[in-house]
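Start at 1 with the first residue, then count along the sequence. Just the heavy atoms: all of them, side chains too, but no hydrogens, waters or symmetry mates, feed the values below.
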Amino acid sequence: WYLSWCLVWLPFCRLKWVRMGIMALAGSYMLRYAPMLWAGGYDGGVLGWQKLVTWGGGIVIWGAMMGIEKWREWHRVTMIE
């Protein structure tokens, strides 16, 4: 359900980087339970790792999406010339 709540709002968002950010955070929210599954419960520093995966993962995914978009843009301009 992490992905479904934000997909409803994507058509209303005109800025491409905001749409990519929403999708990146939705993707990282789906991975947020990976540290708990890895550790077998909420013992120790799992909550800290969960926050790191959620926000850090979103930033990394967003950066990768923006980098791919810039590469495509550059590649398209290079191919035209």
Side-chain angles (χ1 to χ4, degrees):
W1 69 274
Y2 291 112
L3 188 58
S4 64
W5 69 267
C6 68
L7 288 178
V8 175
W9 301 107
L10 285 179
F12 300 111
C13 183
R14 302 239 183 236
L15 299 173
K16 193 174 209 171
W17 65 272
V18 174
R19 280 187 281 157
M20 287 185 176
I22 290 170
M23 294 300 294
L25 283 175
S28 69
Y29 281 152
M30 287 190 279
L31 296 174
R32 73 181 300 194
Y33 294 107
M36 188 260 316
L37 294 172
W38 183 267
Y42 281 107
D43 300 333
V46 171
L47 188 59
W49 280 104
Q50 190 176 28
K51 289 178 183 179
L52 180 68
V53 166
T54 301
W55 294 105
I59 292 169
V60 168
I61 293 170
W62 180 75
M65 290 170 73
M66 292 298 287
I68 290 169
E69 185 65 27
K70 292 292 181 186
W71 180 81
R72 283 182 180 168
E73 215 173 87
W74 175 80
H75 190 65
R76 189 177 14 224
V77 170
T78 306
M79 294 297 287
I80 291 173
E81 294 176 354

Shared hydrophobic cluster, [X] / [Y] (ILVMFWY, side-chain heavy atoms < 4.5 Å):
| X | Y | result |
| --- | --- | --- |
| Met20 | Leu15 | yes |
| Leu10 | Ile61 | yes |
| Val18 | Met66 | yes |

Looking only at non-hydrogen atoms, find the nearest pair between [X] and [Y] and report the distance.
| X | Y | answer |
| --- | --- | --- |
| Gly57 | Ser28 | C-CB, 3.8 Å |
| Arg32 | Thr54 | CB-OG1, 3.1 Å |
| Ala24 | Gly58 | CB-O, 3.4 Å |
| Arg14 | Arg19 | O-NH2, 3.8 Å |
| Ala39 | Val46 | CB-CG2, 3.6 Å |

- request: Supply the atom-to-atom distance Tyr42 OH to Trp49 CH2, rounded to the nearest 0.5 angstrom.
  value: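 That separation rounds to 16.0 Å.
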With rounding to the nearest 0.5 angstrom, report the CZ to CH2 distance, Phe12 to Trp9.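 The CH2 atom of Trp9 is 6.5 Å from CZ of Phe12, to the nearest 0.5 Å.
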For this session: Under 4.5 Å between side-chain heavy atoms, chaining through other members, with only Ile, Leu, Val, Met, Phe, Trp and Tyr counted: pull out the rest of the cluster around Leu31, sorted by chain and number.
Result: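 Its cluster partners, ordered by chain and number, are Val53.
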Considering only heavy atoms from C-beta outward, does the side chain of Trp55 approach that of Tyr29 to under 4.5 Å?
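Yes, side chains in contact.
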Note to self: Can you list everything that forms a side-chain contact (heavy atoms from CB on, under 4.5 Å) with Leu37? Sequence neighbours excluded, please.
What the structure shows: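 Leu37: no side-chain contact (heavy atoms from CB on, under 4.5 Å) contacts found.
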Does any N or O in the side chain of Trp17 come within less than 3.5 Å of the main-chain N or O of Trp62, such that one atom is a donor and the other an acceptor?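 The answer is no, because no donor-acceptor pair under 3.5 Å joins these two groups.
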